[in-house]
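The structure appears below as structure tokens.
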Amino acid sequence: MQIGKYLRPELILFLRARTKRDALEEMVGVLCRQRPETDADVVLRELERRESILSSRIAARIALPHVLLPGFGAPIIVLGYSEDGIPWDSPGGEGVNLIVLGLCGEEYGKEHIDMIAAVANSLHDPAVLDRMAATGTPEQLYELLTALPRTPTGPMDAGTVAICRLMLQHAEAMAQEADARAVMVVAGADLDPGILADRRGKVPLVLITDESGETDAAAASADHLLQVPGHGLERAQRVKLALLYALSYGIIDSAATVVVLSGAARARTINALEVVEVGREFELLVSFRSEMERGDFSPHVFHRVLQIAVALAREGREGTPVGAIFVLGDYQNVRRRCYQLVINPFRGYPESERNVLDPALEETIKEFSRVDGACLIRGDGVIMSLGAYIQAEDAAQALPSGLGARHAAAMAISMSTQAVSIVISQSTRRISIFQQGHMVVALDPEQH
């Protein structure tokens, strides 16, 4: 999904402001000229309130202030660029060159998250800011952002596209003969949309792409699109993770047969076909959706935490690997089996300011990952505690060889509650997901 869905050239400006307050006022002024019904004072007041709690600087030279406002309507972005940079009261004291102001009505919560994800996708490449310096008009800046490819890939040759299309035709025919629930295409990177052109089958097509891929054109040919944090994973791990996501969203169920087309890591092509009987081959996955519902957390919360865990496993902190435990759902039972090792850094903050779905919290969560103990997350995404010690029955006897105390704790809390735990190994950077005392999935993300 591209940022152009939420942004128009008339909502882009080259900032004259020299302070944060003046920059926000300048941008809100542009918004009010486009939406005269907007109350500028209300918007500024809410922006300043959020800034007083947590800085909106999300990366070097970039700030993402965003608010949900009653009755505002569909999400929209105002973008301001300052060549000289604007001081931003954030860790390190660095200024920002790009301010992306996101506004959305309270009733558009999911769309708000989609908008933030679109911003992150468009600005993932650090070189974007350097290219912005060469633009001189809002129209040029808009064209740069909306035309920006996610990865530097050239056109796929016609022969390769033809072979991939033929594989898809065979997969669709096989799916109809096997009474399969879906054809799933697990793409490793940007997928040439020509591969999915002229579909002939009647079986639903599920397109799985990692978050580094630009998928708008290909997604138009799919019945379902799921973005899975599979960048750098081997083929088998990406397929298993894709099935887990599809199960958690209810796209497939435990009785489903799925025809899976996949490509090697970093490949733009599909070069393998397999028929998967989900319940037989992935027994531990099939109860995941029902346990997720009983554990009272949504797929969005699970996927967001997994996304953070994958990034943390790849990057570490300041070049050093870190270990961490995230415990999701069934908070009332989980809290009775934990005690606080250190002062809870999230205690006292409004729930709206400590929700894991808010991308502005990502760096804070990663930074606090150095603290010993688990991060306890309520089913709706609110972070209830960090630095919690898990007291649960000893799981060491059932633990696979080579895993230590952190994994034993994660397994134990999943045995004694309906929560799901995600653990990062400090020594290997492997991510393990535990449910009902079993390791459901183990992932080995590529390191940066």
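Note that these values count all heavy atoms, side chains included, but never hydrogens, waters or copies made by symmetry.
- Looking at T417, its side chain does come within 3.5 Å of a backbone N or O of A419 through a donor-acceptor pair.
- Remark: S369 OG to Q426 CD distance equals 9.5 Å, nearest 0.5 Å.
- Here the CD-OG distance, from Q436 to S414, works out to 8.5 Å after rounding to the nearest 0.5 Å.
- By the 4.5 Å heavy-atom criterion applied to side chains, I422 and F302 are counted as neighbours.
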Would you sort out whether E139 and R8 count as a salt bridge (Lys or Arg N to Asp or Glu O under 4.0 Å), showing the intermediate values?
-> CA-CA 9 Å; E139 289 75 17; R8 304 193 302 272; over 6 Å; no
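- Taking the six-membered ring for Trp, Y245 and H224 have ring centres at least 6.0 Å apart.
- Panel note: side chain D223, backbone V206; no donor-acceptor pair is recorded below 3.5 Å.
- With D330 contributing its side chain and Q418 its backbone, the two residues share a donor-acceptor pair below 3.5 Å.
- Look at R33 and E10 and you find no salt bridge, because none of the NZ, NE, NH1 or NH2 atoms lies under 4.0 Å from a carboxylate O.
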Let me see the working for K366 and E362 under salt bridge (Lys or Arg N to Asp or Glu O under 4.0 Å), right down to the final yes or no.
-> CA-CA 6 Å; K366 290 178 180 178; E362 180 170 342; 2.9 Å; yes
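- The CD1 atom of I424 sits 9.0 Å away from the CZ atom of R406 when rounded to the nearest 0.5 Å.
- Between the T137 side chain and the Q140 main chain, a donor and an acceptor come within less than 3.5 Å of each other.
- A donor and an acceptor atom, one from each side chain of Q237 and D444, are located under 3.5 Å apart.
- Side-chain atoms of R50 come within 3.5 Å of backbone atoms of H66 as a donor-acceptor pair (strictly under, hydrogens ignored).
- Among residues two or more places apart in sequence or in another chain, the side-chain hydrogen bond (donor to acceptor under 3.5 Å, both in side chains) test is passed with S427 by S425.
- Considering only heavy atoms from C-beta on, L98 comes within 4.5 Å of M132 through its side chain.
- To the nearest 0.5 Å, the span separating CZ on R429 from CG on L443 amounts to 15.0 Å.
- Cation-pi geometry between R337 and Y389 is not met at under 6.0 angstrom from the ring centre and within 45 degrees of the axis.
- A distance of 8.5 Å separates CG of L15 from CG of L79, quoted to the nearest 0.5 Å.
- In this structure the side chain of I383 reaches within 4.5 angstrom of the side chain of F346, judged on heavy atoms.
- Summarising the geometry, atom CD belonging to E48 is positioned 7.5 Å from atom CD belonging to E25; distances are rounded to the nearest 0.5 Å.
- Every residue two or more places apart in sequence or in another chain that forms a side-chain hydrogen bond (donor to acceptor under 3.5 Å, both in side chains) with E367 is listed here: R317, R370.
- Within 6.0 Å of the CZ atom in F14, the count of heavy atoms belonging to other residues, nucleotides or ligands exceeds 12.
- Distance alone, capped at 3.5 Å, places no donor-acceptor pair between the Q227 side chain and the T209 backbone.
- In this structure, the side chains of F434 and V420 stay at 4.5 Å or more apart for every pair of heavy atoms.
- Panel note: side chain S421, backbone A410; a donor-acceptor pair is recorded below 3.5 Å.
- Of the charged side-chain nitrogens involved, at least one lies within less than 4.0 Å of a carboxylate oxygen, so that R18 and D84 count as a salt-bridged pair.
- The shortest side-chain heavy-atom distance between L205 and V185 falls under the 4.5 Å cut-off.
- The 12-atom threshold is not exceeded at CZ of R335, counting heavy atoms of other residues, nucleotides or ligands nearer than 6.0 Å.
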Show the numbers, then the answer: is there a side chain to side chain donor-acceptor pair (under 3.5 Å) between N355 and D358?
-> CA-CA 6 Å; N355 195 300; D358 186 344; over 6 Å; no
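- Of the possible donor and acceptor atoms, none in the side chain of Q34 sits under 3.5 Å from a partner among the backbone N and O of L11.
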